[in-house]
Each structure stands twice: as C-alpha cells, then as structure tokens.
Amino acid sequence: MKEEKIALITGASRGIGRATALEFAKRGYYVIIHYKSNEQSAKSVKQEIINQYHQDCMVYQADLEKEMEVKRMISYLYQRLGHIDVLVNNAAIALDTLFEDKTTENFRKTLEVNLVAPFLLAKEMGQRMYQQQSGKIINVSSTNGIDTFYPMSTDYDASKAGLISLTHNLAKQFAPYVNVNAVAPGWVKTDMNRELDHEFTFEELKKIFLGRFAEPEEIAKVIAFLASDDASYIDGEIIRVDGGY
C-alpha cells in the first residue's frame, strides 16, 4: 500500500492558503491546516475538505512569531504523523501605511511572520526531509519581492525579496533530496487586497496582460504542481504567476 502524502500549509484558513489546502486534498494529500487566530475559518476549510473530497485532515493553531510555538508544532506533527512530504510557507501579513508613518515595530513584525517564520519552519523540517531523502518546500513570495515596488509596502516588499533569497539558499542547503522553490504571485483576489482604492485598482488592472486579478485557486494549482512528481527537476526557482504584469 502506498504511503499517504502529507502537506503542512501555513496560513490556510483563507485566501491562497485555503485554496492550496483544498487543492492538495483534491489530489489525495493529508493536509495540515495551520492558522493563527481564525479558528472558525480553519475548521470551515477542514469541513469543506471532508465534505468535498472525503479526505481526513488536521487543524493546528500556532503563532508563527513565537519560535517555541513553531518548534512545538513541528515536534507534535512529526511525533503524530511520522513524516511530512510538503511544506508550503504561505502565512503572511501586510501592514501597509504611508512610508513616513511606518514604524520599526511593524517592520520587524512583518519580517517575523513573512521571512523569519518560513526560515525556521524550513530549517526544522528541511533537515528531517533531508534525512528521509525526499521532500518539497514551496515558499509563497510575491512580485513585490522582484520588481513591483510600492513605498507603502516597503516592509512587505523587503520580506518577500528576502524569501526569494532564502529559497535559493535552502535549495542549495538541502540538495539533492529536497526541492525548494517559490511562487511569486502578482495581484490576487484575497482579503488582503479587498480594500484597495478603486482608482488604484483600475490603474493596476491596465498593467496586467490578462486584465484581471488572479483567483486564489490559480496560484494554488501552481503550488500543487511544484509539490508534484511532475516538478521533480525544478529546484531553486521562482515561478511568477502574475497574468503578464
């Protein structure tokens, strides 16, 4: 009997994380739905997976800003499940303000969630994956970390650029057994982008070849592809998913 594949998806209660959890469940994975504060939404994702795909899954709460909680989560999951095949570092925050109003406190908070937590998760889990001689790590970065810059998002942009650098280094560190890649979405229809100014949105849409924001499911499918055997020879890459921005 073939061993069931297991995927941990951080920030999976909504947006890209939710869509990714559903996509992995659809493909037969046992999914760990991580969340920080929105328990109701996380349980809703679990119920959706059970109802739609008749697939068991797990909900786990942890504050990724707290190193001990991250380590406790990883220790618990490995003790209970024995192995994890895929880590999707999706959880992120954006604390957009006018540049002159930005604080070092918020800058640090953004880096803690968007960059330090993925580093810690990848370090702890990558070493275990290396020992089992198989595994996939997919980081959810952004075109903000490459070439679409917004002073109001300076802290977010810096964190996503750092995540791209981290991806390259992790790919080298855990070669040849662990594939580490990143997706860099452009604009996506998520809660994070729901309150954008209409005029700003209109101007951004004009820059996108496809003339629309991505659906979260479109990003999730790329993440799932990178986790699949079909992507076995892709390593250390950053895949843009931006509709031709």
Side-chain angles (χ1 to χ4, degrees), residues 1-12 16-17 20-21 23-25 27-36 42 46 49 55-92 112-141 162-183 220 223-239:
M1 182 177 176
K2 190 175 181 181
E3 190 175 60
E4 184 178 40
K5 286 196 171 184
I6 301 171
L8 167 60
I9 301 159
T10 66
I16 293 172
T20 303
E23 183 64 31
F24 273 73
R27 297 180 183 221
Y29 283 81
Y30 180 91
V31 177
I32 304 153
I33 303 161
H34 160 267
Y35 75 99
K36 178 187 176 183
K46 177 177 180 176
I49 287 173
Q55 185 78 9
D56 194 16
C57 56
M58 181 196 303
V59 171
Y60 195 100
Q61 189 278 333
D63 184 347
L64 300 185
E65 292 181 69
K66 298 177 180 177
E67 183 172 349
M68 286 308 300
E69 288 197 26
V70 173
K71 289 186 173 182
R72 188 182 302 122
M73 174 176 70
I74 295 168
S75 177
Y76 170 82
L77 293 175
Y78 274 91
Q79 284 178 16
R80 176 169 172 179
L81 302 172
H83 73 284
I84 298 174
D85 302 280
V86 181
L87 165 64
V88 180
N89 277 316
N90 168 74
E112 284 288 340
V113 176
N114 297 5
L115 182 57
V116 177
F119 156 74
L120 183 57
L121 282 157
K123 180 173 183 251
E124 295 289 323
M125 293 178 63
Q127 292 175 136
R128 289 173 166 87
M129 289 175 174
Y130 187 89
Q131 289 170 0
Q132 71 189 26
Q133 296 191 5
S134 68
K136 302 287 182 73
I137 297 173
I138 299 108
N139 296 321
V140 181
S141 182
L163 194 55
I164 286 171
S165 177
L166 180 66
T167 299
H168 293 312
N169 279 300
L170 291 173
K172 185 172 184 179
Q173 174 65 29
F174 296 129
Y177 301 124
V178 184
N179 298 65
V180 186
N181 294 291
V183 295
I223 294 170
F225 164 71
L226 287 172
S228 74
D229 292 339
D230 290 336
S232 59
Y233 203 63
I234 300 176
D235 196 23
E237 290 298 327
I238 314 302
I239 311 296

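Because the structure is predicted, anything quoted here is derived from the model rather than measured.
- Between Y76 and R80, the side chains place a donor N or O and an acceptor N or O closer than 3.5 Å (distance only, hydrogens not considered).
- Ion pairing between D56 and K46 fails under the 4.0 Å rule for side-chain N and carboxylate O.
- Here the side chains of L226 and I239 are in contact, with some heavy-atom distance below 4.5 Å.
- Remark: the T10 side chain and the N90 side chain contain no N/O donor-acceptor pair separated by less than 3.5 Å.
- Annotation: the span from K36 atom NZ to D63 atom CG amounts to 4.5 Å, rounded to 0.5 Å.
- Contact record, A91 with G11: CB-N, 3.7 Å, taken as the closest heavy-atom pair.
- Between the NE2 atom of H83 and the CD atom of Q131 there is a distance of 14.5 Å, given to the nearest 0.5 Å.
- The backbone N or O of D229 sits less than 3.5 Å from a side-chain atom of S232, completing a donor-acceptor pair.
- Counting only heavy atoms from C-beta outward, the side chains of Q132 and Y177 never approach each other to under 4.5 Å.
- A 4.5 Å side-chain heavy-atom check between Y130 and Q173 finds every atom pair outside the cut-off.
- When only modelled atom types and interatomic distance are considered, Q55 and E4 share a side-chain donor-acceptor pair under 3.5 Å.
- Listed here is the closest heavy atom pair of E237 and T167: O-CG2, 4.3 Å.
- The nearest pair of heavy atoms linking A25 to I49 is CB-CG2, 3.6 Å.
- Separating the CD atom in E69 from the CD1 atom in I74 is a distance of 12.0 Å, to the nearest 0.5 Å.
- Atoms CD1 and CD1, on I234 and I138 in that order, are 10.5 Å from each other to the nearest 0.5 Å.
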Would you please test V140 and I223 for side-chain contact (heavy atoms from CB on, under 4.5 Å) and show each step? CA-CA 8 Å; V140 181; I223 294 170; 3.9 Å; yes
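- Minimum heavy-atom separation, A92 to N114: CA-OD1, 3.1 Å.
- No option in V86, I84, V31 other than I84 meets the side chain to side chain contact (heavy atoms under 4.5 Å, CB included) test with I6.
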Dump the intermediate steps for ring pair (Phe, Tyr, Trp, His ring centres under 6.0 Å) on Y60 and Y35, then the final yes or no. CA-CA 6 Å; Y60 195 100; Y35 75 99; 8.6 Å; no
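- Taking CG from N179 and CG from D235, the interatomic distance works out to 5.0 Å, rounded to the nearest 0.5 Å.
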Check the pair M73, L64 against side-chain contact (heavy atoms from CB on, under 4.5 Å), reporting the backbone distance first and the verdict last. CA-CA 10 Å; M73 174 176 70; L64 300 185; 4.2 Å; yes
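- Atom CZ of F119 is separated from atom OG of S165 by 12.0 Å, given to the nearest 0.5 angstrom.
- Nearest heavy-atom pair across A231 and F225 is CB-O, 3.3 Å.
- Annotation: side chain of I32 is not in contact with side chain of C57 (no heavy-atom distance under 4.5 Å).
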Before you tell me yes or no, could you show the steps for L77 and L8 under side-chain contact (heavy atoms from CB on, under 4.5 Å), namely the whole-Å CA-CA distance, both residues' side-chain angles and the distance that decides it to 0.1 Å? CA-CA 9 Å; L77 293 175; L8 167 60; 4.2 Å; yes
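- Among the candidates M129, Q127, M125, the single residue satisfying the side chain to side chain contact (heavy atoms under 4.5 Å, CB included) test with F174 is Q127.
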Decide yes or no on side-chain contact (heavy atoms from CB on, under 4.5 Å) for K136 and N181, but give the supporting numbers first. CA-CA 8 Å; K136 302 287 182 73; N181 294 291; 5.9 Å; no
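- Residues V88 and N139 form no side-chain contact, since every pair of their non-hydrogen atoms from C-beta on lies 4.5 Å or further apart.
- For the residue pair N89 and L121, the shortest heavy atom distance occurs at OD1-CD1, 3.3 Å.
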